[in-house]
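Just so it is clear, the model here is predicted, and its values are computed rather than measured. Residue numbers begin at 1 in each chain, while the letters A, B, ... track the order of the sequences.
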Amino acid sequence: MQDILQGLNEQQYEAATHINGPLMIIAGAGSGKTKVLTTRIAYLMSQGVDAFNILALTFTNKAAAEMKERIEKMLGNNEARNLYIGTFHSVFARILRGEAHRLGYPNSFTIYDSEDSKSVIKSVVKDLELDEKHYKPSTVLGRISQAKNSLIGPLQYAEDYYIQQEDMRANRPAIAKIYDSYAKRCFKNGAMDFDDLLVKMYELMNTFPEVLHKFQHKFKYVLIDEYQDTNAVQYQITKLLAAAHENICVVGDDAQSIYSFRGATIENILQFQRDYDDVKVVKLEQNYRSTKSILNVANAVINNNKGQIPKSLWTENDEGEKIYLVRTMTDNDEGKFVASTIQEQKLRNHFSNSDFSILYRTNAQSRAFEENLRRSGIPYKIYGGLSFYQRKEIKDFIAYLRVIGNVRDEEALKRIINYPIRGIGKTTMEKLQTIANESNITLWEVLERAAEFGARGATSEAISKFVTMMRYFQSLLKDKNAFEVANEVGKHTGLVKELFSDKTAEGLARYENVQELLNAIKEWVDQQETLTQIDEDGILIDNVSTEETKNAQSLGVYLQQITLLTDADKDDGKGDMVKLMTIHAAKGLEFPVVFVGGLEESIFPSGMSINTREELEEERRLFYVAVTRAKKKLWISYANTRYRFGNLVQNDPSRFLEEMPKELIDRKNAGSNTTSFGLNNSNGFGFKNNSAIEAERRYGAPPSLKQRATSLPSQPPAVQKIIGHQPDNNFQPSDTSNLKEGDQVEHLKFGFGTVTKMEGAIHNRIATVLFKTNGEKKIMLNYAKLRIL
DNA sequence: GACTGGTGAGTTTTT
DNA sequence: CTCACCAGTC
């Protein structure tokens, strides 16, 4: 026990050992939060608390895995594997797997990912005969998700005056109706979406006192990481769970709240002290991670936000180097700069690849980095983005498994019914679908009784063949494990064979992916075998009943966990690789060397989040998170121009750059020695008249046309030619809400042109215009900088 | 019912 | 640029 608590500072010690009663830890970035949490758990166990009585909830699988691993190391045994540590979603899914029947769901319910959800919404919108252009699945799902996270059901949604006003204003009054149908459809399909995992867990606890009682007493100690990111449902559930013992410990940092788009509210952390009596509050303010320079930059930036919980983060670490600010001509150059800097740093400072991390605001930005790392032969791994399980060929294969596990899963069924092509086409499906909806039976049932509903000839035959095959697979469930079933599916459906005969590069990759899926399932099954050999007292059992093992290895269990899996979880930690991820994904992690890319207006801060102070402050917190990931060295970069939808776009340098204290910034690679970042100063940052010359000096002469096709287009993009337009000092953007094609306009930076194309007014917030300057170049622009002539 | 080529629309952030 | 969707053809 002495060992466990060793090396904690006074506050950390207090936080780790105050195990009875409510505790709130306000933990600054890099203050050893994970260390405290893991120590706390290890300490609990050393005090005789059973691992089965401890529940720790995190926001990412990665954070959970890390905690588990650290605890295991601390305790020196594998008792930690019996802890309930996981994301809200995965822990609740696990619980619901045993209890869902109470809510009318099959215990083998399917979990819908966002793609499935959108697909359901799409068909609901179609059935309700609404305008599919106007009721876009992503928009509608966003509204529904928001409602669910605030515990607002379909009925309440329809009756809520404020919500209805909002929907009316957006001219989408039918969302309430869609929400209702969507919920019913999911229920009929025996499926829960991501939000349902939380909502249904709440319903379960709230409706069945005996269930609540059971879990209140099972989880005598509750810990919640990143409490500032909890939303209303999560808040309510944890409140219920902790009500009996009040041994609840929450850890958070209001400065790192970056999930409000998911319904997270800082209120929860502010409310905590009012929810329980005698809340112990511990502040962790000493940073052990970063250099003084890095921390000071972070502090200076976050100070621009109003209303943070007062806290002063300090460090005893070295001053460190200044923060490097880098400007490049294009997004590709940004990638190139990062790749070469990594090479250089490795040689100079003996860093290994895994010491580096590249962070960005949007997943789309990863490509430029990826390409250049590959070109430089630097091994890298991208976290997030499309997970392995979201790839088309994998989802197709899994769709078979899903239907086998749950025939009510209509989304999966629709996916596979004619894949591989077996002659059950669109028209047939539409007919069957209508029958299913009208007679309120499942699509599967309609298929089973297809002949009875009027299927004839070849179609009827194809359907009954399909049904017979699926029934055969289902018959395997009884005594075959997930891998054996999957293997059979691969063989009998011809899926593997079809991919194998596709000799194109993509076909080969798809084939390999499916192979990898089968391997993964095999691995999982084997792993389950060892897991089930430990009983509830944590003692290894020699003779596990085959029944139990089989159960744990079943297809249903497998399916439920993979939907919640992200790519990061496949990471075995092995392999020396540079890590690429969004800033959101990087929360809670730290790296010796960090590159943050794309510090440009409309990217970071995102163009979607610049309209209210709240949105902007969240972007700023995100920047704060990015900066505080770095231990030793930090590069921040932005590009003058980048490609977006195949078009060249120009963005101003991010406003956040201005907020960093100048004396802590090394700007020798920022291209300009002006002291101002002045966004409107055409002589200032990034838009100098001589930037083409400057670029040539740094990157060499532009490559010939032929070369350009194969090598980096590091030549300054054509847009440069027209840069340098000197607007009238009184340039006032016009009200461009009526802007139309053919209008003559003046742009703040580019000068005069004609509007050739209007693009979307997406979300009514930021819109871009494609226009021709001097009859020559196409550029996409922001409305706000245009004057109609 | 299956296949093809043209067209338009889309990119925050995560489970 | 890339993907989903549509109309038109076999």
Side-chain angles (χ1 to χ4, degrees), chain A residues 57-64 86-93 111-115 117-119 122 132-133 136-139 142 145 148-149 192-198 226 229 231 233-234 257-264 359-367 383-387 389-390 392 418-430 457-459 462 561-569 581-587 598 602-610 615 618-619 621-622 625-626 642-649 757-763 765-766 768:
Chain A
L57 296 170
T58 65
F59 275 81
T60 62
N61 289 305
K62 209 168 178 189
T87 64
F88 281 88
H89 291 85
S90 66
V91 168
F92 295 167
I111 300 173
Y112 278 173
D113 65 15
S114 328
E115 206 188 315
S117 299
K118 281 183 211 160
S119 166
K122 210 171 149 192
E132 290 180 61
K133 288 263 155 55
K136 277 179 294 187
S138 52
T139 314
S145 175
K148 284 189 178 174
N149 283 313
M192 296 194 197
D193 68 12
F194 284 139
D195 302 317
D196 284 334
L197 293 176
L198 309 178
E226 312 281 11
D229 288 331
N231 59 33
V233 215
Q234 290 165 327
S257 159
I258 55 175
Y259 279 104
S260 71
F261 69 92
R262 201 162 74 176
L359 308 180
Y360 34 79
R361 175 72 233 275
T362 66
N363 282 306
Q365 285 167 262
S366 69
R367 226 191 63 195
Y383 293 86
L386 252 204
S387 112
Y389 294 101
Q390 283 170 301
K392 207 182 256 164
N418 203 25
Y419 178 81
I421 288 161
R422 47 174 73 87
I424 308 172
K426 223 174 116 189
T427 340
T428 310
M429 277 309 285
E430 254 161 38
T459 312
Q561 53 117 39
I562 55 163
T563 314
L564 299 171
L565 235 43
T566 49
D567 240 12
D569 313 314
M581 64 191 90
T582 63
I583 299 163
H584 282 90
K587 192 156 78 135
S602 91
I603 291 181
F604 198 5
S606 159
M608 325 289 295
S609 311
I610 48 174
E615 285 175 346
E618 177 146 323
E619 293 288 309
R621 289 193 293 269
L622 196 54
V625 169
R642 66 175 64 233
Y643 280 91
R644 193 189 184 205
F645 301 145
N647 284 343
L648 203 52
V649 211
K757 196 177 170 191
M758 301 287 297
E759 306 226 338
I762 310 162
H763 307 291
R765 283 185 180 177
I766 179 172
T768 47

Side chain of A:Ser606 - closest among B:dT12, B:dT11, B:dA2: B:dT12
Sort me out a list of protein N/O and nucleotides 8-10 of chain C N/O pairs below 3.5 Å, or just none if empty.
none

Got a salt bridge between A:Glu618 and A:Arg621, using NZ or NE/NH1/NH2 to carboxylate O under 4.0 Å? yes
If you assign each of A:Glu132 and A:Arg367 to its closest nucleotide in DNA chain C, which residue comes earlier from the 5' end? A:Arg367
Please assess A:Ser606 against A:Thr362 for the test side chain to side chain contact (heavy atoms under 4.5 Å, CB included), listing each intermediate value before the final yes or no. CA-CA 9 Å; A:Ser606 159; A:Thr362 66; over 6 Å; no
Output one line per pair: protein atom, nucleotide atom from nucleotides 7-9 of chain B, and distance, for all N/O pairs under 3.5 Å.
none

CG on A:Leu564 to CG on A:Asp113, rounded to 0.5 Å: 10.0 Å
Counting any heavy atom closer than 4.0 Å, what does A:Leu197 reach on the DNA or RNA strands: base, sugar-phosphate only, or nothing? nothing
Using the test ring-ring contact (aromatic ring centres under 6.0 Å, His included), find all partners of A:Phe59 that sit at least two apart in sequence or belong to another chain. A:Phe88
What nitrogen or oxygen pairs link the protein and nucleotides 13-15 of chain B at under 3.5 Å?
unit_1 : atom_1 : unit_2   : atom_2 : d
B:dT13 : OP1    : A:Asn363 : N      : 2.6
B:dT13 : OP1    : A:Asn363 : ND2    : 3.3
B:dT13 : O4'    : A:Arg361 : NH2    : 3.4
B:dT13 : O2     : A:Arg361 : NH2    : 2.7
B:dT14 : OP1    : A:Thr582 : OG1    : 2.8
B:dT14 : OP2    : A:Asn363 : ND2    : 3.4
B:dT14 : O2     : A:Arg262 : NH1    : 3.1
B:dT15 : O2     : A:His89  : NE2    : 3.2
B:dT15 : O4     : A:Ser114 : OG     : 3.4

Residues forming a side chain to side chain donor-acceptor pair (under 3.5 Å) with A:Asp193, sequence neighbours excluded: A:Lys148, A:Tyr182
If the condition is salt bridge (charged side-chain N to carboxylate O under 4.0 Å, His left out), which residues does A:Asp229 pass it with, not counting sequence neighbours? A:Lys587
